[in-house]
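Some notes on the structure that comes next.
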Amino acid sequence: MMDKEELLSMCKRRGFLWRSAEIYGGEAGFYDYGHLGAKLLDSWKQKWKDFFLGLDENYHMIYTNNIMPHRVMEASGHVDHFSDIMIRCERCDSYFRGDHLIEQETGENAEWMGKEDMKESIKELELSCPDCGGDFSEPEDFNMMFTVSLGPTGQKTGFLRPETAQGTYINFRREYRALRKQMPMGLATIGSAFRNEISPRQVVFRKREFLQAELQIFFVPGIHDEKFKKKYQEIEEMKVNIRREDWDETREVMLKEIDDIQPFYLYHLGKMYEFYTDIMKLSSKDIRFRELSDDEKAFYNKIHFDIEVNFDTLNGWKEVSGLHYRSDYDLRQHQENSNQSLSVSTDDGKKIPHVIELSFGIDRNLWSLLDKGYKDDDRTWLDLPKEITPRQVAVFPLVRKDGLPEKSREVFDKLRSDFRVTWEKSGSIGKRYARNDEVGTSYCITIDYDTLEDESVTIRDIETTEQIRVEIKELNDILKELIYGRKKFKDHMEQED
RNA sequence: GCGGCUGUGGUCUAGACUGGUUAGGACCCAAGCUUCCCAAGCUUGUAGCCCGGGUUCAAAUCCCGGCAGCCGCACCA
């Protein structure tokens, strides 16, 4: 079993990621990406955009603000629902959620209660601390959102957004017109979100500032979703690992066997799965969809599946993304609170569009690539998808003399515009291979004495450490084929024999 | 946020109980030598006691406070 600390140590040492503000002791829940982490992040984002925006011509990127006005988060329900009323034991300082304590005692839902209701209820029920029996203090607000003050007096407040989604919803009307009222309309965004987690832990898993990639798809059920029927039929026999809410195990089923969920939703479910298997190259044994129970899912989500990855470093299955049918809840809320119409005209009259949301925690997804890719058996190497890996190619001279370094610089310069590539000469050839194995460099190009004779170089494959020899003039094309094309390294080897 | 444990170069660690030479080692990294393909060798070098305060002639070591990490609890609409 792989150790989280060992992987994190590699990440720090080689430039993937580490704690923010390290030189000041750091702060829980904040991480920065170094030069390799940043490249991994950028290429992941690019692949995500290519894949999900490619699903339909009417899916587009937008970028919205990190700071949301107070009223937006009121309308979204976050001011009420994203904050909990906590009560503290005066003797042992333990915190508890007030509504949970009351629910346990009465069996009735207490989520609606304000601070005053709760105070009375606790008095009536004569509740005391479950840990030590001590008396409770006054109920206090604990909001997971960061408040920011706006303007010179600071009396106006806003919030750092706890999800990127709201920024998209409040731009719905503008984009609907700008995109000439085509539906379904997909608005994707990539950006930061902020949650004041009580106890951020597990490396990048519970960060206070984190990255999200989300695609919000707006449609009127029964009308616009019909347009995806044909697309769905093309993938309805796709098999996915899935665990329904009332199943006690994960099963591999065909999409069309899931007959109680609309095809429009299943289409995106299938495509998400495909992103994990085909783009992120995770093994299907390590991924699954899990349907959340009514207790777990938010009240406005009619259907909610999470994609979970089976992590080695984090004790098993953990959520990395979700597919939520949020119904018309969000637009309805914003319509009511802003007093602006967010409905669209259909043959059946005015309707408020519904939303299907594809939501990805980027940091978690990157960690899943590192977690599943890190191999530490007879040698240490990082098995990353060749299109996503931060360093695709490394070039070095076999030895540091007789003009080989100079020749290798030439080859390096030839590759720079086409690949994420590095050049190095320090240490021995074996050490350079090992260094590059550790950070997931897909191919190492070595310039040797034969190169000076016949303009050929060797390409070494990270997966097998085997080599092929190719001519420099074909090098760029062959590497492109290996990285982006269908041709595999072993095809080239057979060709050589 | 509570409780337990922990914090020594980039990484892993010795030293702490019993305060006392210049904080030792390994790996990594860098420069050079060597080297015709998988962490070889040699030379040199960079770099550290989490932060602050206290006790003491003297603190990495003892005490107090803070910060951070790990584990457990709680929390995670």
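Computed from a predicted structure; not experimentally measured. Each chain gets a letter, A, B and so on, in the order the sequences are listed, and its residues count up from 1.
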Practice prompt. Please step through salt bridge (charged side-chain N to carboxylate O under 4.0 Å, His left out) for the pair Glu463(A) and Lys386(A), ending with a clear verdict.
Written response: CA-CA 11 Å; Glu463(A) 290 176 44; Lys386(A) 295 176 172 48; 2.7 Å; yes
Discussion item. Quick one, Phe159(A) with Phe194(A), criterion side-chain contact (heavy atoms from CB on, under 4.5 Å). Give me CA distance, side-chain angles, the key distance, then yes/no.
Written reply: CA-CA 9 Å; Phe159(A) 296 104; Phe194(A) 307 84; over 6 Å; no
Rounded to whole angstroms, how far apart are [atom1] on [X] and [atom2] on [N]?
| X | N | atom1 | atom2 | answer |
| --- | --- | --- | --- | --- |
| Arg208(A) | rC75(B) | CZ | P | 17 Å |
| Lys12(A) | rC29(B) | NZ | P | 17 Å |
| Arg206(A) | rG1(B) | CZ | P | 16 Å |
| Met10(A) | rC27(B) | CE | C1' | 16 Å |
| Asn436(A) | rC28(B) | CG | C1' | 15 Å |
| His35(A) | rG10(B) | NE2 | C1' | 14 Å |
| Trp18(A) | rG10(B) | CH2 | P | 13 Å |
| Lys425(A) | rC33(B) | NZ | C1' | 13 Å |

Partner lookup for [N], please. Criteria are Watson-Crick or G-U wobble with both distances under 3.5 angstrom; report none if nothing qualifies.
| N | result |
| --- | --- |
| rC2(B) | rG72(B) |
| rU43(B) | rA31(B) |
| rC67(B) | rG7(B) |
| rU21(B) | none |
| rU56(B) | none |
| rU61(B) | none |
| rG48(B) | none |

Polar atom pairs (N or O), protein with nucleotides 34-40 of chain B, under 3.5 Å:
unit_1  : atom_1 : unit_2    : atom_2 : d
rU34(B) : O4     : Arg400(A) : NH2    : 3.3
rU35(B) : OP2    : Lys401(A) : NZ     : 3.0
rU35(B) : O4     : Arg400(A) : N      : 2.9
rC36(B) : OP2    : Lys401(A) : NZ     : 3.4
rC37(B) : O2     : Tyr433(A) : OH     : 2.5
rC37(B) : O2     : Gln467(A) : NE2    : 2.8
rC37(B) : N3     : Tyr433(A) : OH     : 3.4
rC37(B) : N3     : Gln467(A) : NE2    : 3.1
rC37(B) : N4     : Asp448(A) : OD2    : 2.8
rC37(B) : N4     : Thr458(A) : OG1    : 3.0
rC38(B) : O2     : Arg460(A) : NH2    : 3.1
rC38(B) : N3     : Arg460(A) : NE     : 2.7
rC38(B) : N4     : Thr465(A) : O      : 2.6
rA40(B) : OP2    : Ser428(A) : OG     : 2.5

Worksheet item: Quick one: which of Arg288(A), Arg243(A), Lys318(A) gives a side-chain hydrogen bond (donor to acceptor under 3.5 Å, both in side chains) with Glu308(A)?
Response: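 That would be Arg288(A).
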Discussion item. Checking Tyr33(A) now: which residues fulfil ring-ring contact (aromatic ring centres under 6.0 Å, His included) with it, not counting sequence neighbours?
Written reply: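 If we apply the ring-ring contact (aromatic ring centres under 6.0 Å, His included) test to Tyr33(A), skipping adjacent residues, there are no hits.
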Worksheet item: ring-ring contact (aromatic ring centres under 6.0 Å, His included) with His304(A): which residues, sequence neighbours excluded?
Response: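 Partners of His304(A) by the ring-ring contact (aromatic ring centres under 6.0 Å, His included) criterion, ordered by chain and then number, come out as His324(A).
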How far, in whole Å, is [M] from [N] if one measures between their [atom1] atoms?
| N | M | atom1 | answer |
| --- | --- | --- | --- |
| rA26(B) | rG20(B) | C1' | 27 Å |
| rU8(B) | rC51(B) | P | 10 Å |
| rG25(B) | rC63(B) | P | 29 Å |
| rG72(B) | rC29(B) | P | 34 Å |
| rU61(B) | rG24(B) | C1' | 16 Å |
| rC36(B) | rU21(B) | C1' | 50 Å |

Fill in: Flag, side chain of Asp461(A) to backbone of Glu466(A), donor-acceptor distance under 3.5 Å
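Here the side-chain-to-backbone pair does not exist.
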Practice prompt. Indicate the ring-plane relationship of Phe311(A) and Phe205(A), choosing parallel, tilted or perpendicular according to the 30° and 60° boundaries.
Written response: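 Ring orientation, 0 to 90° scale: perpendicular.
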Discussion item. Students often mix this up, so state it plainly: with edges at 30° and 60°, are the rings of Phe360(A) and Tyr276(A) parallel, tilted or perpendicular?
Written reply: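 Parallel.
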Worksheet, complete the sentence: With B for base contact, S for sugar-phosphate-only contact and - for none (protein heavy atoms under 4.0 Å), nucleotides 41-51 of chain B reads -----------
Worksheet item: Of Tyr300(A) and Ser9(A), whose nearest nucleotide on RNA chain B comes first from the 5' end?
Response: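 Its nearest nucleotide lies further toward 5', so the answer is Ser9(A).
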Discussion item. Please compare Lys297(A) and Ala28(A) by the position of their nearest nucleotide in RNA chain B and report the one closer to 5'.
Written reply: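 Its nucleotide being nearer the 5' end, the pick is Ala28(A).
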Worksheet item: Quick one: do Arg420(A) and Asp42(A) make a salt bridge, cutoff under 4.0 Å?
Response: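 Salt bridge between Arg420(A) and Asp42(A), a charged N being under 4.0 Å from a carboxylate O: no.
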Worksheet item: Is the closest basic N to carboxylate O distance between Arg195(A) and Glu197(A) below 4.0 Å?
Response: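 Glu197(A) and Arg195(A): not salt-bridged.
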Item to complete: Flag yes if more than 12 heavy atoms outside Arg379(A) fall under 6.0 Å of its CZ atom; otherwise flag no.
Response: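 Enclosed.
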Solution key, residues 447-455 of chain A side-chain donor-acceptor pairs under 3.5 Å, sequence neighbours excluded:
unit_1    : atom_1 : unit_2    : atom_2 : d
Asp448(A) : OD1    : Asp450(A) : N      : 3.1
Asp448(A) : OD1    : Thr451(A) : N      : 3.2
Asp448(A) : OD1    : Thr451(A) : OG1    : 3.1
Asp448(A) : OD1    : Arg469(A) : NH2    : 3.3
Asp448(A) : OD2    : Arg469(A) : NH2    : 2.4
Tyr449(A) : OH     : Asp402(A) : OD2    : 2.3
Thr451(A) : OG1    : Asp448(A) : N      : 3.0
Thr451(A) : OG1    : Asp448(A) : O      : 3.1
Thr451(A) : OG1    : Ser456(A) : O      : 2.8
Asp454(A) : OD1    : Ser456(A) : N      : 3.2
Asp454(A) : OD1    : Ser456(A) : OG     : 2.8
Asp454(A) : OD2    : Ser456(A) : OG     : 3.4
Glu455(A) : OE2    : Lys407(A) : NZ     : 2.8

Worksheet item: At their closest point, which heavy atom of Ile459(A) faces which heavy atom of Phe489(A), and how far apart are they?
Response: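 Minimum heavy-atom separation between Ile459(A) and Phe489(A): O-CZ, 3.5 Å.
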Every protein N/O lying under 3.5 Å from an N/O of nucleotides 70-72 of chain B:
unit_1  : atom_1 : unit_2    : atom_2 : d
rC71(B) : OP1    : Lys4(A)   : NZ     : 3.4
rC71(B) : N4     : Arg201(A) : NH2    : 3.2
rG72(B) : O6     : Arg201(A) : NH2    : 2.8

Discussion item. By the 4.0 Å heavy-atom rule, please label Tyr24(A) as base, sugar-phosphate, or nothing.
Written reply: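 Answer is nothing: Tyr24(A) stays at 4.0 Å or more from every strand.
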Worksheet item: Across the strands shown, which category fits Glu22(A) at heavy-atom distances under 4.0 angstrom: base, sugar-phosphate, nothing?
Response: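 No contact.
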Fill in: Derivation and outcome, side-chain contact (heavy atoms from CB on, under 4.5 Å), residues Asp437(A) and Arg460(A)
CA-CA 11 Å; Asp437(A) 279 346; Arg460(A) 171 187 178 274; 2.9 Å; yes
